[in-house]
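Working notes for the structure below.
Nothing here was measured: the structure is a model prediction, and the numbers come from that model. Sequence lines set the chain letters: A, B, ... in the order given, protein chains first and strands last, and positions in each chain run from 1.
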Amino acid sequence: MDAINLTLIVALLANLFLVSLLWTRAKRDTSSAMYMIMVATVALWTASMIFYRSAPPELTVKAAQMLYISATLIPFFLLYFAVLFPSLTFTLSRLQTILIALLPLSIIGFTLSHNLVIKEVLDSPGEEKKIVFGILYPMYALYISGYFILALWYLLKKYRKSSGILKTQISYILLGLLISIVLGSFFNLSLPSIGDFRFNWLGNVTTLIMVSITTYAIVAKRLFDIRIVLTQSLVGIIAILLFINVILSETPFEYFWKGGLLLAFLIAGYLLIKSVMNEIKQREELQQTYAKLKELDEAKSEFVSIASHQLRTPLTAIKGYISMILEGSYGNLNETQHKPMKSVYESNERLINLVNDLLNISRIESGKIDMKWAQKNIEDVIKSVIEEIGIKAKEKKIKLVFEKSEELIPQVTLDEAKIRNVLLNVVDNAIRYTKKGKITIRAYQKQKESSIVIEVKDTGDGMTQEELSHLFESFSRGGAGTRTSTEGAGLGLYIAKQFMKLHKGQIWAESQGRGEGSTFFIELPMQ
Amino acid sequence: MTKRILIIEDEPILADMYATRFAREGFNVSTAGSLTKGVTLAKKEKPHLILLDILLPDGNGISFLKTKQSEKSIASIPVVAFSNFDDPETRKQALALGALEYLIKTAYTPKELLEKVRSYLK
């Protein structure tokens with residue numbers, strides 16, 4: 001029993017172990033059953049190799065025939081598997097089944113016939129047996145390569161079409177196949193065709209890689225990222241080759257430095273695998289975190305929608321009843337009663353606006369804001385805003401003036417409700433921070449930038465540069481505690497900015513300083 | 001002729017408030033606190049207009065609109081959806097199923113709502 005036969009026995013036992021792993025699964029589904037049969041044929045091929053290498057001279061040709069016939073079965077069952085996977089039942093038609101079987105059965109027939117594939121076996125002591133091939137050996141080699149390539153092609157097609165865990169499974173199978181086909185073809189087809197039979201036993205060992213990887217892909221409940229397997233396989237293959245290199249050493253010095261090389265490589269390989277695993281682990285953790293965040297974001301949106309609905313119900317009742325009291329539905333109010341009632345109504349309106357703003361912000365931040373685009377005349381929008389907010393300015397005895405443009409302003413595509421909201425916030429802001437004087441609104445077209453600009457100029461308190469820089473941030477009143485008015489939660493301008501962003505427009509303010517008034521600019525692109 | 005209004009609203013405090021205001025203006029008002037009762041009353045009284053809340057205990061105003069579409073006797077009654085549930089998808093669905101408008105309750109006083117209803121009844 002030489003070292004090679006020992007290695008082959010190990011490979012055989014490993015193959016049989018894999019057959020046992022697949023047994024229960026094979027009883028349930030056809031794909032696994034077909035794959036199990038293929039692994040069994042690999043085991044048969046390995047057993048044949050052991051027999052071929054140990055056979056007495058009178059049986060070497062028969063042993064060689066058995067070896068090559070068992071090898072014929074492998075691509076045959078692999079192709080069945082590639083065509084069937086991942087089907088749980090046998091879905092091939094009778095014609096397909098016969099067609100696939102036709103060529104291998106013919107090859108088996110040719111191999112059995114004397115001289116066609118194998119002519120004779122040359123046995124030299126101390127060397128691997130050499131086979132003299134017959135005239136049909138090229139056909140044999142072509143069949144083996146062809147069926148392997150076909151199996152690869154089927155699996156690649158399925159890989160492209162699939163997704164999720166199936167895609168991962170197929171990627172594993174393809175990896176295992178590629179490694180084994182490349183190595184196996186080299187050791188068992190290419191080298192023997194030029195008369196080199198020294199490494200034909202290695203083919204049996206390399207199929208172990210394919211079989212292990214594919215069995216893992218089929219059986220494992222949770223598949224690791226293929227990059228780990230790829231790295232491990234590559235490191236393993238190179239380690240094996242370096243090990244063989246050590247074994248083939250002839251001098252103690254060679255043993256020493258080749259052994260040293262193998263050791264150094266094993267350390268580097270271990271570190272490489274570790275770093276790949278870490279990277280993959282981090283990526284998986286990131287993906288899990290992302291999924292959790294998305295879930296939380298959905299939950300938050302739902303919560304905000306429901307919360308705002310729940311908050312609005314009592315606000316509706318307060319608004320309704322107070323408005324009815326103010327209208328005199330429950331008896332006329334005198335001056336002393338009217339004022340506080342009005343304050344209650346206005347405070348309630350602020351609460352309603354706050355809920356609206358919070359809902360809007362939540363929607364903007366989740367990207368769930370609904371836009372209703374339409375071509376509108378900007379001057380009509382300005383007029384309707386002035387109509388709505390005019391009363392407030394009148395109460396404060398501030399003049400609200402609209403300077404209509406002399407030139408015709410073309411229509412612009414916008415979401416009317418949102419632009420009204422922006423304008424209302426800006427004008428409301430101007431009224432709030434102006435004690436006396438006037439607020440002038442005008443709109444004009446900026447030819448160069450092809451945009452429409454709305455200007456809201458007031459004679460109010462003005463702002464410092466510091467206040468201007470924080471103006472459009474949320475919960476800022478352009479300088480907390482320094483302004484006289486404490487109304488408003490400071491969300492209006494922040495939302496206005498977000499709405500302008502959705503229009504791919506801009507909003508900004510300018511002021512010469514305290515007491516110099518302010519001018520707000522709203523710019524809308526024409527397209 | 002006295003116009004009949006059906007208000008489908010599950011919050012008693014709000015249903016009461018709107019009913020009082022509308023009745024004061026001479027409307028004949030009925031209220032229903034659920035989807036089922038709403039369908040029954042609609043079929044029985046054939047109101048001139050229905051004010052429909054969206055979030056109801058036994059269903060959703062959208063299902064009411066679907067049921068109404070399939071019932072010949074009430075299919076042509078105009079409906080104004082009003083709700084504090086400001087959901088763009090629900091709004092789209094309601095308008096697609098024939099609601100004349102989708103109003104947010106907090107944006108209107110009972111008087112303003114009345115004006116809206118009057119404009120639709122003209």
Assign the ring pair A:Y330 / A:Y321 to parallel, tilted or perpendicular, where the plane angle (0 to 90°) is split at 30° and 60°. tilted

Partner of B:F27 under side chain to side chain contact (heavy atoms under 4.5 Å, CB included), picked from B:I7, B:L114, B:L49, B:T2, is B:L114

Is it true that, when you exclude A:E395 itself, more than 12 heavy atoms of the residues, nucleotides or ligands shown sit nearer than 6.0 Å to its CD? yes

Comparing B:R91, B:K92, B:R21 against chain A, the one with the most heavy-atom pairs below 4.5 Å turns out to be B:R21

B:I104 versus chain A, the contacting section by heavy-atom distance below 4.5 Å: side chain

Side chain / backbone / both / neither for B:Y108 at chain A, heavy atoms under 4.5 Å: backbone

Measuring from atom CD1 of A:I352 to atom CG of A:L315, what distance do you get when rounded to the nearest 0.5 angstrom? 5.5 Å

Using a strict cut-off of less than 4.0 Å between a Lys/Arg side-chain nitrogen and an Asp/Glu carboxylate oxygen, indicate whether A:E298 and A:K294 qualify as a salt bridge. no

Test your reading of the model: is there a side-chain donor-acceptor pair from B:E9 to the backbone of B:E11, 3.5 Å cut-off? yes

Salt-bridge present (B:R4, B:E45; N to O < 4.0 Å): no

Bottom line for B:R24: the part with an atom under 4.5 Å from chain A's heavy atoms is side chain

Please flag which part of A:L359 lies under 4.5 Å from any non-hydrogen atom of chain B: side chain, backbone, both or neither. side chain

Under a 4.5 Å heavy-atom cut-off, does chain B meet the side chain of A:Q310, its backbone, both or neither? neither

Which of B:N84, B:D16, B:T20 touches chain A most, by non-hydrogen pairs under 4.5 Å: B:N84

For A:T316, is it the side chain, the backbone, both or neither that has a heavy atom under 4.5 Å from a heavy atom of chain B? both

With a 4.5 angstrom heavy-atom cut-off, is it the side chain or the backbone of B:L14 that approaches chain A, or both, or neither? side chain

Between A:S308, A:S323, A:S329, A:P314, which has the largest tally of heavy atom pairs under 4.5 Å with chain B? A:S329

